[in-house]
Amino acid sequence: MNKIETLCLLCSQPLQPVISWKVLLTNHFQPTICDKCSARFERSPTATALYQYNEAMKDYLHQYKFLQDVALAKVFRQELYARFKNEKAIIIPIPMHPLKQKERTFSHMEELLKAANIPFIQLLEKTTTETQSSKNRVERVQTAPLFRLMVGAHVEHKQYLLFDDIKTTGTTLRHASEILLHAGARNVQSFTLING
């Protein structure tokens, strides 16, 4: 019987499967990228993001979001699981506009959380198809509200945690936070995969 070879999702080099009691008995995921690719990502010095934006992260985001490679949602699942497994706040991924999601075929923020087995809810919907990355700093700061509450959404007087892929000026997270606080949230924090 032939052994199925697992390849790095980024460079296609063969991966050595890790079989241990830790993997079998805990939520320890099998690696999906090789050590060489992993080493290209730069850890964030802040407590509000996992990584810094660099060339490796630029390549990852392009392949994941724009080339629609949904398998790449698994790349950071171990780190995201470690960060969120004991989270007391209700996690809300930043949503995409429905037209953008249809175009991309999946919600990249939701897929990251699903890959890491992290529960989340959605209370917000995006009101514009414009992306923040297409604007300069001044335009981002002066932008009209980006979100609204979903029809029938109920915001409780609890703590929420917004999860987004990248923080540059913080405009996206600030807009989402304001909507939730105005609707009755007790507290809104944020966490991103990347610090831009």
Side-chain angles (χ1 to χ4, degrees), residues 8-11 27-97 100-101 103-126 130-135 137 140 146-147 159-177 180 188-196:
C8 172
L9 291 176
L10 298 177
C11 73
N27 251 330
H28 194 82
F29 301 100
Q30 288 285 354
T32 56
I33 61 172
C34 68
D35 292 343
K36 188 176 174 186
C37 285
S38 184
R40 293 182 63 220
F41 296 110
E42 183 186 341
R43 284 289 192 163
S44 172
T46 72
T48 56
L50 279 180
Y51 293 96
Q52 289 294 105
Y53 187 73
N54 65 6
E55 203 59 37
M57 198 53 84
K58 180 182 174 184
D59 293 345
Y60 167 81
L61 286 177
H62 179 74
Q63 190 173 340
Y64 178 49
K65 291 168 66 172
F66 302 107
L67 300 182
Q68 303 168 345
D69 192 346
V70 73
L72 294 187
K74 297 175 182 175
V75 170
F76 304 112
R77 62 186 176 180
Q78 192 64 56
E79 294 88 342
L80 289 171
Y81 177 78
R83 166 58 184 86
F84 289 132
K85 65 179 178 183
N86 297 318
E87 182 58 57
K88 300 286 186 276
I90 298 165
I91 298 169
I92 300 176
I94 292 294
M96 297 171 74
H97 189 277
K100 278 275 183 207
Q101 186 165 329
E103 185 182 298
R104 288 215 185 126
T105 69
F106 65 95
S107 166
H108 60 285
M109 297 314 304
E110 290 183 11
E111 290 302 323
L112 288 169
L113 292 171
K114 286 178 191 172
N117 294 333
I118 302 300
F120 62 88
I121 64 167
Q122 191 50 271
L123 297 172
L124 302 169
E125 57 185 28
K126 189 110 185 267
E130 280 187 332
T131 59
Q132 292 302 296
S133 60
S134 66
K135 300 176 183 177
R137 186 172 281 271
R140 288 178 197 182
L146 302 171
F147 304 99
Q159 185 165 323
Y160 291 90
L161 180 75
L162 293 167
F163 176 54
D164 203 3
D165 55 355
I166 187 166
K167 179 181 178 182
T168 44
T169 61
T171 303
T172 300
L173 294 165
R174 190 179 74 249
H175 278 236
S177 195
L180 293 170
V188 182
Q189 304 285 324
S190 65
F191 186 80
T192 57
L193 178 66
I194 310 152
N195 196 22

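Side-chain contact check for I92 versus V188: every heavy-atom pair is 4.5 Å or farther apart. Using a 4.5 Å heavy-atom threshold, the side chains of R43 and Y51 count as touching. A 4.5 Å side-chain heavy-atom check between Y160 and I91 finds every atom pair outside the cut-off. Contact check for Q122 versus E110: side-chain heavy atoms found under the 4.5 Å cut-off. With a 4.5 Å cut-off on side-chain heavy atoms, I33 and F41 count as touching.
A49 pairs by the side chain to side chain contact (heavy atoms under 4.5 Å, CB included) definition with S44, T46, T192, N195, not counting sequence neighbours. Residues meeting the salt bridge (charged side-chain N to carboxylate O under 4.0 Å, His left out) test with E111, sequence neighbours left out: K114. Residues that satisfy the side chain to side chain contact (heavy atoms under 4.5 Å, CB included) test with S190, not counting sequence neighbours, are L162, L173. Applying the side chain to side chain contact (heavy atoms under 4.5 Å, CB included) rule to Q189 yields the partners Q159, L161, N187; only residues at least two apart in sequence or on another chain are considered. By the ring-ring contact (aromatic ring centres under 6.0 Å, His included) test, F191 is found to be paired with F84, residues two or more places apart in sequence or in another chain being considered. Legend: residues meeting salt bridge (charged side-chain N to carboxylate O under 4.0 Å, His left out) with E79, ordered by chain and number and at least two apart, are absent. The salt bridge (charged side-chain N to carboxylate O under 4.0 Å, His left out) check on K167 picks up nothing, with sequence neighbours excluded. In this structure D165 satisfies the salt bridge (charged side-chain N to carboxylate O under 4.0 Å, His left out) test together with K65, sequence neighbours excluded.
Residues F163 and L193 share a closest heavy-atom pair of CE1-N, 3.9 Å. For the residue pair P93 and M109, the shortest heavy atom distance occurs at CB-CB, 3.8 Å. Residues M96 and H108 share a closest heavy-atom pair of SD-ND1, 3.6 Å. The heavy-atom pair separating L146 from T172 by the smallest distance is CD1-CA, 3.9 Å. Residues A115 and A73 share a closest heavy-atom pair of CB-O, 3.4 Å. In this structure, A176 and I94 approach most closely via the heavy-atom pair CB-CD1, 3.7 Å.
A donor-acceptor contact shorter than 3.5 Å links the side chain of R77 to the backbone of Q30. The backbone N or O of T105 lies less than 3.5 Å from no partner atom in the side chain of Q68, so there is not a single donor-acceptor pair. Side-chain atoms of Q52 do not come within 3.5 Å of backbone N or O of N54 as any donor-acceptor pair.
By the neighbour-count criterion of 12 heavy atoms within 6.0 Å, atom CG of D35 is sparsely surrounded, having that number or fewer from other residues, nucleotides or ligands.
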Stepwise, does the side chain to side chain contact (heavy atoms under 4.5 Å, CB included) test hold for I90 with F120? CA-CA 7 Å; I90 298 165; F120 62 88; over 6 Å; no
I would like to know whether L50 and L80 meet side chain to side chain contact (heavy atoms under 4.5 Å, CB included); could you show each step before the answer? CA-CA 8 Å; L50 279 180; L80 289 171; 3.6 Å; yes
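A side chain to side chain donor-acceptor pair (under 3.5 Å) check over residues 55-64, counting only residues at least two apart or in different chains, returns the pairs Q63-D69. Sorted by first and then second residue, the side chain to side chain donor-acceptor pair (under 3.5 Å) pairs with a member in residues 82-92 read R83-E87; sequence neighbours excluded.
Distance CD1/I166 to CE/M57: 8.5 Å, rounded to 0.5 Å.
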